[in-house]
Chemist: 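Dumping the structure here so I can ask a few things about it.
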Amino acid sequence: MIEWDIKKLRILRTLADQGTVTATAEALHMTPSAVSQQLTNLAKLLGVPLLEAQGRRVRLTDAAHLVLRHAEAVFAQLERADAELTGYLAGEAGEVRIGAFSTAVPVLVVPAVAALRRSHPGVEVRVRETEAAESYELLSAGVVDLALSLAAHAPTARDPRFTRMTLLEDPLDVALPPDHPLAGAPELRLADLSGDPWIYGGSGPWSEITRGACEAAGFVPEQAHSASGWTAILAMVEAGMGVALVPRMVSSRASGVAVRVLSQDRPTRHVIAALRRGSESAPAVAHALAALRAVAAARE
């Protein structure tokens, strides 16, 4: 295998441009003897003559021109690498992997990715839909760089592994069947629905959120049906099978049901963004986080 020396190849290319050893030395801030020595060493490395005498000057051999044809491709690739590395260091390039729970993907992550494509097209974002609790395992393992979850699943602020911040306060609305007697009421409180059948998950944080909000309003909700996916919950509400608390991130895109904003007893859930401590200084990650924050702020 031939040993290629980029520095010596650059000297050979400069000689081809300048025409003489003296002019090459001046252009490269070297002495003529140093230029000649470097080119002699390059010829030995490659095993072919690169220069031949032509009167008081030298000219490049056919082998030298062959070497330069290939060297130009190398130089071009190095220029591209240099440009990409410069962009990476400036935060204009790089890869960011985001893990997010299902409802956050269309509402927060997708708009943030679209904004990044416009502002920092060299930043590539890879999105992974995750269970809220799973996202921190992936974050700790280095599988994702940013994790979006609910506060109930987030690590404590004292966890030394992560930096966390509240991205969004997501109010909870009530989804009613379209023919519900209170669908058009001027004001609505949770207590007004104390006698209704409720639809929510059998366990987990959303079950706790629903029961906690209703109990704070003075009643224990009757769980008529259990479901964890919003498509199923909203389908049952639309069919008149019960009512449900629905986060604004979901209710803003709901159809077929009457979505009511609560005039009092306004429960909220908190969407948390977390990253490995110290990684916030990585420019591409910082750009992604800024884009997510901008999208979240626009919803408040």
Side-chain angles (χ1 to χ4, degrees), residues 94-116 123-172 199-213 223 225-235 244-254 267-282 284-293 295-296 299:
E95 180 181 273
V96 181
R97 299 157 299 171
I98 299 176
F101 60 99
S102 58
T103 53
V105 172
V107 176
L108 295 176
V109 179
V110 170
V113 171
L116 273 175
V123 175
E124 181 178 358
V125 180
R126 296 188 181 276
V127 179
R128 177 169 179 162
E129 182 180 337
T130 66
E131 296 293 335
E134 176 195 19
S135 59
Y136 291 97
E137 297 176 7
L138 299 175
L139 185 62
S140 180
V143 177
V144 299
D145 304 303
L146 273 169
L148 270 60
S149 73
L150 300 178
H153 289 115
T156 69
R158 295 186 298 274
D159 192 320
R161 297 173 298 168
F162 307 117
T163 296
R164 50 166 280 176
M165 62 215 69
T166 299
L167 198 62
L168 179 70
E169 290 189 2
D170 192 25
L172 308 183
I199 305 167
Y200 55 90
S203 62
W206 194 246
S207 173
E208 296 169 8
I209 288 172
T210 299
R211 285 199 300 264
Q223 186 178 27
H225 308 282
S226 177
S228 57
W230 295 114
T231 300
I233 289 174
L234 291 173
L245 274 179
V246 182
R248 185 73 50 83
M249 291 170 64
V250 174
S251 66
S252 61
R253 297 178 292 116
T268 62
R269 66 174 186 173
H270 294 82
V271 179
I272 302 296
L275 56 160
R276 289 182 298 279
R277 192 174 299 275
S279 67
E280 60 269 24
S281 60
V285 173
H287 287 315
L289 183 57
L292 286 166
R293 280 175 154 170
V295 172
R299 292 188 58 85

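Values in this document were obtained by computation on a predicted structure and should not be read as measured data. One-based numbering along the sequence shown.
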Chemist: Within the 4.5 Å heavy-atom criterion, are Glu280 and Val285 side-chain neighbours or not?
Modeler: no
Chemist: Checking side-chain contact (heavy atoms from CB on, under 4.5 Å) against Val295, which of Leu168, Leu108, Val110, Leu167 comes through?
Modeler: Leu108
Chemist: Mind listing the closest non-hydrogen atom pair of Val107 and Met249 along with its distance?
Modeler: CG2-O, 3.4 Å
Chemist: Which atoms form the tightest heavy-atom contact between Leu116 and Ala288, and what is the distance?
Modeler: CD1-CA, 3.7 Å
Chemist: Does the side chain of Ile209 come within less than 4.5 Å of Tyr200's, by heavy atoms?
Modeler: no
Chemist: Is any side-chain heavy atom of Ile272 closer than 4.5 Å to a side-chain heavy atom of Leu148?
Modeler: no
Chemist: How about CZ on Arg126, more than 12 heavy atoms from neighbouring residues, nucleotides or ligands closer than 6.0 Å, or not?
Modeler: no
Chemist: Specify the closest pair of heavy atoms between Ala232 and Ala227, including all atoms of both residues, with the distance to one decimal.
Modeler: CB-CB, 4.2 Å
Chemist: Would a distance-only check, ignoring hydrogens and angles, find a side-chain to backbone donor-acceptor pair under 3.5 Å from Arg269 to Leu172?
Modeler: no
Chemist: Which heavy atom of Val105 sits nearest a heavy atom of Pro111, and at what distance?
Modeler: O-CD, 4.4 Å
Chemist: Keeping the roles fixed (side chain from Ser228, backbone from Gly201), state whether a donor-acceptor pair exists under 3.5 Å.
Modeler: no
Chemist: Give the minimum heavy-atom separation between Leu292 and Val109, together with the two atoms involved.
Modeler: CD2-CA, 4.0 Å
Chemist: Would you please test Glu131 and Glu137 for side-chain contact (heavy atoms from CB on, under 4.5 Å) and show each step?
Modeler: CA-CA 10 Å; Glu131 296 293 335; Glu137 297 176 7; over 6 Å; no
Chemist: Is it true that a side-chain atom of Glu129 and a backbone atom of Thr103 form a donor plus acceptor pair closer than 3.5 Å?
Modeler: no
Chemist: Check the pair Asp170 / Arg248 against salt bridge (charged side-chain N to carboxylate O under 4.0 Å, His left out), numbers first and verdict last.
Modeler: CA-CA 6 Å; Asp170 192 25; Arg248 185 73 50 83; 5.9 Å; no
Chemist: Given Gln223 and Thr210, is the side-chain contact (heavy atoms from CB on, under 4.5 Å) satisfied, shown in steps?
Modeler: CA-CA 10 Å; Gln223 186 178 27; Thr210 299; over 6 Å; no
Chemist: Ignoring hydrogens, what is the shortest heavy-atom contact between Val144 and Ser135? Give both atom names and the distance.
Modeler: CG2-O, 4.1 Å
